[in-house]
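Scope of the values below: all heavy atoms of this structure, side chains included, with no hydrogens, waters or symmetry mates. Residues: numbered from 1 along the sequence shown.
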Amino acid sequence: MKIALIAHDKKKDLMIELAKTFVNVLKKHQLFATGTTGRLIIEHTGLDVRRMKSGPLGGDQQIGSMVADGQLDLVIFLRDPLTAQPHEPDVSALLRLCDVFAIPLATNLSSARIMLKALEEEQIENQFHLRKDE
Ligand SMILES: O=C(CO)COP(=O)(O)O
């Protein structure tokens, strides 16, 4: 499965802890991340992560493009709903595209844990999302 991992600044520590907790699950999959999130995950877990640009510099849009192209199966995006983001339109666009293409999307720690637990137990199948044109 192809999984995107993204965290806003105040949620990065949570993302690192999440990645550490589920490192044995995550290492079985292809991982993608926005720039800073990816660097931190690599530094703290040694996981192989393909890094896009940083979120404010277009990373969310790059991930969104992958969603639109059917290149991602899961998105975990630990958002900070209490801090204004300069690239809020990019964030909204990515969340919207996940809904357009019915890609499983976790936007907080609790839903992310449920998603990774399901992945651990192999309850999520590859490419079960619907393409918009299907
Ligand atoms: O801003 C982000 C998501 O909107 C995350 O980007 P970084 O991982 O580069 O901090």
Side-chain angles (χ1 to χ4, degrees):
M1 295 251 259
K2 294 181 179 176
I3 303 173
L5 302 168
I6 310 166
H8 281 150
D9 287 351
K10 288 184 183 166
K11 303 292 178 179
K12 284 188 168 62
D13 287 347
L14 286 181
M15 178 60 89
I16 291 166
E17 285 311 307
L18 186 73
K20 282 185 183 172
T21 302
F22 288 95
V23 68
N24 288 327
V25 185
L26 291 169
K27 73 182 181 194
K28 296 180 189 161
H29 300 277
Q30 263 182 281
L31 305 177
F32 301 83
T34 46
T36 315
T37 305
R39 176 175 58 73
L40 290 169
I41 292 171
I42 292 166
E43 282 174 8
H44 287 84
T45 66
L47 283 164
D48 186 9
V49 182
R50 176 155 171 228
R51 293 169 59 213
M52 303 295 162
K53 291 184 187 298
S54 184
L57 299 180
D60 294 302
Q61 293 217 28
Q62 289 180 298
I63 301 279
S65 166
M66 293 182 72
V67 169
D69 283 340
Q71 292 172 13
L72 281 175
D73 300 294
L74 292 181
V75 175
I76 293 177
F77 188 166
L78 300 184
R79 296 176 62 215
D80 175 4
L82 299 178
T83 305
Q85 305 291 333
H87 56 304
E88 191 61 44
D90 297 6
V91 174
S92 301
L94 171 54
L95 303 182
R96 179 183 167 276
L97 283 172
C98 288
D99 286 341
V100 168
F101 292 99
I103 298 296
L105 166 69
T107 57
N108 62 62
L109 184 64
S110 304
S111 49
R113 291 182 66 90
I114 289 170
M115 194 179 275
L116 290 174
K117 198 84 189 148
L119 197 61
E120 188 171 41
E121 293 168 5
E122 298 180 2
Q123 292 175 6
I124 301 181
E125 288 173 22
N126 206 356
Q127 307 233 330
F128 71 105
H129 58 272
L130 301 170
R131 295 286 310 197
K132 183 172 173 271
D133 53 359
E134 284 175 354

Checklist entry - Within the side chain of E120, is there an N or O that forms a donor-acceptor pair under 3.5 Å with the backbone of F22? => result no
Checklist entry - Counting N and O atoms only, with roles assigned by atom type, does the side chain of T37 sit under 3.5 Å from a partner on the main chain of A7, one being a donor and the other an acceptor? => result yes
Without placing hydrogens or testing angles, list every side-chain donor-acceptor pair under 3.5 Å for residues 87-101, not counting sequence neighbours.
from: H87; atom 1: NE2; to: D60; atom 2: OD2; distance (Å): 3.3
from: D90; atom 1: OD1; to: Q61; atom 2: NE2; distance (Å): 3.1
from: S92; atom 1: OG; to: E88; atom 2: O; distance (Å): 3.2

Could you grab the distance from atom [atom1] of [X] to atom [atom2] of [Y], nearest 0.5 Å is fine?
X: K12; Y: H44; atom1: NZ; atom2: NE2; result: 12.5 Å
X: L72; Y: I103; atom1: CG; atom2: CD1; result: 7.0 Å
X: T83; Y: K10; atom1: OG1; atom2: NZ; result: 3.5 Å
X: D48; Y: K27; atom1: CG; atom2: NZ; result: 13.0 Å
X: T45; Y: K20; atom1: OG1; atom2: NZ; result: 9.0 Å
X: Q85; Y: D9; atom1: CD; atom2: CG; result: 7.0 Å

With hydrophobic residues grouped by side-chain heavy-atom distances under 4.5 Å, do [X] and [Y] end up in a single group?
X: L47; Y: I42; answer: yes
X: I114; Y: L105; answer: no
X: V25; Y: L5; answer: yes
X: L109; Y: L40; answer: no
X: M1; Y: I41; answer: yes

Please check if atom [atom1] in [X] has more than 12 non-hydrogen atoms from other residues, nucleotides or ligands closer than 6.0 Å.
X: D13; atom1: CG; answer: no
X: D80; atom1: CG; answer: yes
X: R51; atom1: CZ; answer: yes

Checklist entry - Considering the options M52, K53, Q71, which one meets the side chain to side chain contact (heavy atoms under 4.5 Å, CB included) requirement together with I63? => result M52
Next on the checklist: Going by ring-ring contact (aromatic ring centres under 6.0 Å, His included), name the residues that satisfy it together with F32, two or more places apart in sequence or in a different chain.
Outcome noted: none
Checklist entry - Under the salt bridge (charged side-chain N to carboxylate O under 4.0 Å, His left out) test, which residues partner K11, sequence neighbours left out? => result none
Note, [X] side chain near [Y] side chain (heavy atom, < 4.5 Å):
X: L74; Y: M115; answer: yes
X: I76; Y: M15; answer: yes
X: H29; Y: L119; answer: yes

